[in-house]
Amino acid sequence: MHRTTAALMGVCVVTAACLYVPQLAELVGRRALVVTLHEWSGLLSPVPVLVGLASRALRTDLRLLNRFHPHDRRWLRAAVRRDKRRESRPAGKFNAGQKTYAAWIAGAVLVMLGTGLLMWFTDLAPLVWRTGATFVHDWLALAIGIVLAGHIGMALADPEARRGLRTGSVDREWAEREHPLWRP
């Protein structure tokens with residue numbers, strides 16, 4: 001699910017850049033193809049999560065992501081203060097940063113889908129709505145690009161977390177060190 005979502009999001013970001021940055025548009029050309037790829041990858045972006053809901057493991061993880069506990073507030077306060085001590089950042093399976101990112105990106109995808117549909121189907125709404133949708137879509141796309149770069153940077157800095165995404169398991173010592181409140 002994560003890889004498929006990442007691939008669709010990657011196509012959306014790359015095609016958006018090609019549509020928005022004139023130098024990239026000239027380099028790529030074939031605007032109609034780029035537009036079609038962008039529209040369909042955006043339209044399909046919620047599908048991996050919807051299909052993944054058939055998995056009990058994903059539903060369990062979504063329940064964990066959806067709950068903030070007192071230790072999550074403590075983690076966020078430490079992050080704001082840039083306190084890197086492990087004891088100041090307690091975490092269960094997901095830390096507060098991961099929970100915040102998951103909630104933000106889920107909402108952002110839904111807003112992008114809604115504004116994209118308003119832009120795609122021009123007869124659905126009056127011009128003023130479509131203009132507003134374009135404004136929101138463009139600026140949120142920029143925010144997503146920045147946040148996504150941070151997400152990828154964090155992932156590249158933690159090979160054990162990436163291994164966990166690939167294989168479904170992590171080293172016990174890593175889990176005890178990084179996520180001490182994680183209950184198997």
Side-chain angles (χ1 to χ4, degrees), residues 1-18 20-21 24 37-38 41-42 44-69 71-113 139-184:
M1 186 200 75
H2 189 266
R3 285 186 197 117
T4 306
T5 302
L8 289 168
M9 187 68 77
V11 170
C12 279
V13 168
V14 169
T15 55
C18 291
Y20 205 76
V21 178
L24 291 176
L37 283 172
H38 184 77
S41 61
L44 293 172
S45 61
V47 171
V49 174
L50 294 173
V51 170
L53 288 174
S55 163
R56 181 179 295 175
L58 176 65
R59 290 192 312 271
T60 300
D61 282 351
L62 288 176
R63 276 192 290 279
L64 292 173
L65 282 167
N66 197 35
R67 305 262 184 320
F68 261 76
H69 300 285
H71 67 266
D72 291 317
R73 284 187 281 286
R74 184 172 163 207
W75 191 100
L76 285 171
R77 279 193 303 272
V80 167
R81 290 190 317 263
R82 301 205 186 277
D83 184 351
K84 299 220 183 263
R85 293 175 297 137
R86 297 203 191 285
E87 62 272 6
S88 66
R89 292 191 184 199
K93 182 174 184 180
F94 301 104
N95 65 42
Q98 292 167 318
K99 291 177 180 182
T100 303
Y101 173 77
W104 186 85
I105 200 70
V109 165
L110 292 176
V111 170
M112 293 299 278
L113 181 62
W139 282 102
L140 186 55
L142 179 61
I144 287 172
I146 292 167
V147 171
L148 202 56
H151 177 69
I152 292 168
M154 298 284 289
L156 290 174
D158 195 345
E160 188 65 24
R162 287 195 323 272
R163 186 174 77 84
L165 267 174
R166 272 191 328 275
T167 65
S169 64
V170 293
D171 184 61
R172 180 175 289 281
E173 289 79 29
W174 178 88
E176 289 171 353
R177 183 180 67 245
E178 297 293 329
H179 300 270
L181 304 177
W182 186 359
R183 309 248 189 282

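When reading the values below, keep in mind they use all heavy atoms of this one structure, side chains included, and skip hydrogens, waters and symmetry mates.
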Participant: For a quick test of reading the model, state the closest non-hydrogen atom pair linking Ile144 to Ala108 and the distance between them.
Facilitator: CD1-CB, 3.8 Å

Participant: Set out, in order, the CA-CA distance, both residues' side-chain angles and the distance that settles side chain to side chain contact (heavy atoms under 4.5 Å, CB included) for Val109 and Met9, then state yes or no.
Facilitator: CA-CA 9 Å; Val109 165; Met9 187 68 77; 3.6 Å; yes

Participant: Using every non-hydrogen atom in the two residues, find where Phe68 and Lys99 come nearest and quote the distance to one decimal.
Facilitator: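 That would be CE1-CB, 3.7 Å.
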
Participant: Which heavy atom in His71 sits nearest to a heavy atom in Leu181, and how many Å separate them?
Facilitator: CG-CD1, 3.4 Å

Participant: Start with the C-alpha gap between Arg166 and Arg3, add the side-chain angles, then the distance that decides, and say whether side chain to side chain contact (heavy atoms under 4.5 Å, CB included) holds.
Facilitator: CA-CA 9 Å; Arg166 272 191 328 275; Arg3 285 186 197 117; 3.2 Å; yes

Participant: How long is the straight-line distance from NE2 of His179 back to CZ of Phe94, given to the nearest 0.5 Å?
Facilitator: 8.5 Å

Participant: Donor-acceptor pair, Asp72 side chain versus His69 backbone, under 3.5 Å?
Facilitator: yes

Participant: Any sub-3.5 Å donor-acceptor pair from His38's side-chain atoms to Cys12's backbone N or O?
Facilitator: yes

Participant: Between the side chain of Glu176 and the main-chain N/O of Glu173, is any donor-acceptor distance below 3.5 Å?
Facilitator: no

Participant: More than 12 heavy atoms of other residues, nucleotides or ligands under 6.0 Å from CZ of Arg81: yes or no?
Facilitator: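 Yes, the 6.0 Å shell around CZ holds more than 12 heavy atoms from other groups.
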
Participant: Kindly give the heavy-atom pair with the smallest separation between Leu76 and Ala96, and that separation in Å.
Facilitator: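 Minimum heavy-atom contact is CG-CB, 3.6 Å.
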
Participant: If you define the side chain from C-beta out and look only at heavy atoms, does anything of Gln98 sit under 4.5 Å from Lys93?
Facilitator: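 When only atoms from C-beta onward are counted, Lys93 and Gln98 do not touch, as no gap falls below 4.5 Å.
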
Participant: Given 3.5 Å as the limit, does a donor-acceptor pair link the side chain of Arg162 with the main chain of Leu156, or not?
Facilitator: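 Pair found, side chain donor or acceptor close to backbone of Leu156.
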
